[in-house]
Amino acid sequence: MENLLLFFGRLHPLVVHLPIGILLLLALLELAGRWSRFPRLGEAQRTAVLACGAAAAVMAAGLGWLLAERGDFSGTLLDRHRLLGFLTAGGAIALLVVQGLRWQRVYAPLLALTVGLITAAGHYGGAMVHGEHYLTELLPGKWQRALGVPPSAMAGVRELPLDPATAQVFADVVHPILEQRCVACHGEAKSQGDLRMDSWEAMLLGGKHGALFKPGDVAGSRMIQRMLLPLDHEERMPPKTKPQLSDEELMLLEWWVGSGAPRIGTVAQAAPPPEVADILAERMDAGREEAPRPDRAAVLAQAAALSAQLGIEIRPLSVDAPWLMVSARLQLKQFGDAQLVTLAALGPVIHWLDLGETAVSDAGLAQLSTMSELRRLQLDRTAVTDAGLAALAPLARLESLNLFGTAVTDGGLVALEALPRLRRLHVWQTQVTPAGAQALAKEQTDARRIRRWEEEIAARERMIRAEQFEVTMGETFPAVKVAFPPPGEEKAAP
Ligand code: HEC
């Protein structure tokens, strides 16, 4: 019975178009009738159309009521939509009565009012289903600002204000994440679990089961706990079928809860720890105009000249980009700090740099600060020591470093902790100890992120097992199963 009622309730979105169409058409015909060239509506026709319109409006309101009682919607949008829907049905009935009594003077204003009510009701109904900013989110930014659309609801406008001194932690960092990942189900239109997350005040009220977070206690905050549950856990937020938070977003939310979940305060005041600062810097960068790429032809001409002058190998890394690989190794000890200064003219376009076996020393490494795009660096069998490694700090994109055969020790590795992207380090035949290498590896690995990925893989594997189809054909036959050999076993099989 309950299901049947809900079934009828779900006809509401279909039926609701009937009274809209009928009442709007009536208003149009009445307007047209005022114009002498168009035939006026007869009394009988008007009564017939009104009767249909009123019946349709009452039916739509009734079905809507069934849906609201049993369906997934709650919140102020629903309250407004429901009220306006009932008023529209009332208006349509009143129109029918007025027509019966031939109260000509009341008729026109009442019809206009009813059309206004049905328009407003329709607007809130649409906002409930599609989200409040469905209509405005694709408009040009200027129009949106004129209409007062909040910035978080503007499609594509997700970058942070560029200045940490003015960017607000909650309004500019935390709230846009929640808007994107949570508010569809925890907002004004729908508030699942009696929880709303569309404002700081609403979040403070918590949900059906109480507080959303304990300011300062990340692990004890339900909001964070639910986001860390395994992907297929039924309480996981957002639910597994919905777009998930990225690790960066999760870290930002944890940082905010950990720092007391403040409503007011700038990024600069909150003094984020380095990991968080990195994420924020990247987001701010995304909003920045991308620096124009150096012109490839000009770069190659300059590269050819330097290559001839220094006797080193310089090649473009691809056919369409200006990025270069440079190898000075052939010059052996002919290439030293002075030559590196000359090469620095090309600094910003060098991706790979091989200085192995050259005479480059600690002092020369200062030139590397011009090479902000550097990915790979070879310094093997040079005179470089611990003291020189500090000069690598500006190489924010460095992924691979070869220090084979240098005098570097564990002490020097500490400087490498400043390199966020460094993933491979070669220290064969140096003073580096296994313990020192281990310490750096631990520092450079985001164990928590890897654990989260592993948990995600485990959850996906459980999903695969649950989906897999298995056939057995009696005891004498082995089960027929679709399976993939684990990597590396393909070759071993006979
Ligand atoms: C697709 C819809 C959906 C999205 C998106 C979603 N939730 Fe939920 N959420 C629910 C439903 C349904 C419930 C109620 C059932 C339950 O408790 O699991 C709920 C309940 C909760 C509760 C428990 C409230 C209480 O007191 O019982 C918390 C906390 C929560 N969600 C946090 C979040 C956070 C944080 C996000 C965004 C990262 C989010 N949710 C995104 C659907 C959603």
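All ligand and atom numbering here is 1-based and tracks the order in the structure. Here the structure is a predicted model, which means the values were calculated and not measured.
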Give the atoms of ligand 1, by number and element, whose distance to some non-hydrogen atom of Met223 is under 4.0 Å.
-> 35 (C)
Kindly indicate whether the side chain of Pro243, heavy atoms from C-beta on, has any atom under 4.5 Å from the side chain of Arg181.
-> yes
Hey, could you give me the SG/CE distance between Cys182 and Met197, rounded to the nearest 0.5 Å?
-> 4.0 Å
Option among Glu373, Glu399, Glu282 that satisfies the salt bridge (charged side-chain N to carboxylate O under 4.0 Å, His left out) test with Arg421 | Glu282
Starting at CG of Leu403, measure out to CG of Leu413 and round the result to the nearest 0.5 Å.
-> 8.0 Å
Number the atoms of ligand 1 from 1 as they appear, then name those within less than 4.0 Å of a heavy atom of Leu245, with their elements.
-> 38 (C)
Are the charged groups of Asp247 and Arg452 less than 4.0 angstrom apart, N to O?
-> yes
Sorted by first residue and then second, give each side chain to side chain donor-acceptor pair (under 3.5 Å) pair with at least one member in residues 17-31; sequence neighbours left out.
-> Glu30-Arg46, Glu30-Tyr107
Ligand-side contact atoms (ligand 1) for residue partner Met227, heavy atom cut-off under 4.0 Å | 38 (C)
Kindly indicate whether the side chain of Met203, heavy atoms from C-beta on, has any atom under 4.5 Å from the side chain of Phe170.
-> yes
Sorted by chain and residue number, which protein N/O/S atoms are under 2.8 Å from atom 8 (Fe) of ligand 1?
-> His186 NE2, Met237 SD
Is atom 15 (C) of ligand 1 in close reach of the protein, with a heavy atom under 4.0 Å away?
-> no
For the residue pair Phe86 and His81, establish whether any side-chain heavy-atom pair is separated by less than 4.5 Å.
-> no
Residue, atom and distance of the protein heavy atom nearest atom 29 (C) of ligand 1 read Leu212 CD1, 3.5 Å
With a 4.0 Å cut-off, would you call Glu456 and Arg460 a salt bridge?
-> no
Heteroatom proximity flag, Lys208 to ligand 1, N/O under 3.5 Å = yes
Which pairs would a plain distance check flag for residues 205-214, meaning a side-chain donor or acceptor within less than 3.5 Å of a matching protein atom at least two apart in sequence or in another chain?
none

Looking only at protein heavy atoms, which one is nearest to atom 5 (C) of ligand 1, and how far off is it?
-> Arg181 O, 3.3 Å
Contacts under 3.5 angstrom, residues 223-234 side chains, donor-acceptor by atom type, not counting sequence neighbours:
{"residue": "Gln225", "atom": "NE2", "partner": "Ala219", "partner atom": "O", "Å": "2.9"}
{"residue": "Arg226", "atom": "NH1", "partner": "Glu235", "partner atom": "O", "Å": "3.4"}
{"residue": "Asp232", "atom": "OD1", "partner": "Arg462", "partner atom": "NH2", "Å": "3.2"}
{"residue": "Asp232", "atom": "OD2", "partner": "Arg462", "partner atom": "NE", "Å": "3.1"}
{"residue": "His233", "atom": "ND1", "partner": "Glu235", "partner atom": "N", "Å": "3.0"}

In ligand 1, which numbered atoms sit nearer than 4.0 Å to a non-hydrogen atom of Lys242?
-> 1 (C)
Considering only non-hydrogen protein atoms, determine which one is nearest to atom 35 (C) of ligand 1 and report residue, atom name and distance to 0.1 Å.
-> Met197 CE, 3.6 Å
Tell me which protein heavy atom sits closest to atom 26 (O) of ligand 1, plus the residue, atom name and distance to 0.1 Å.
-> His209 N, 2.7 Å
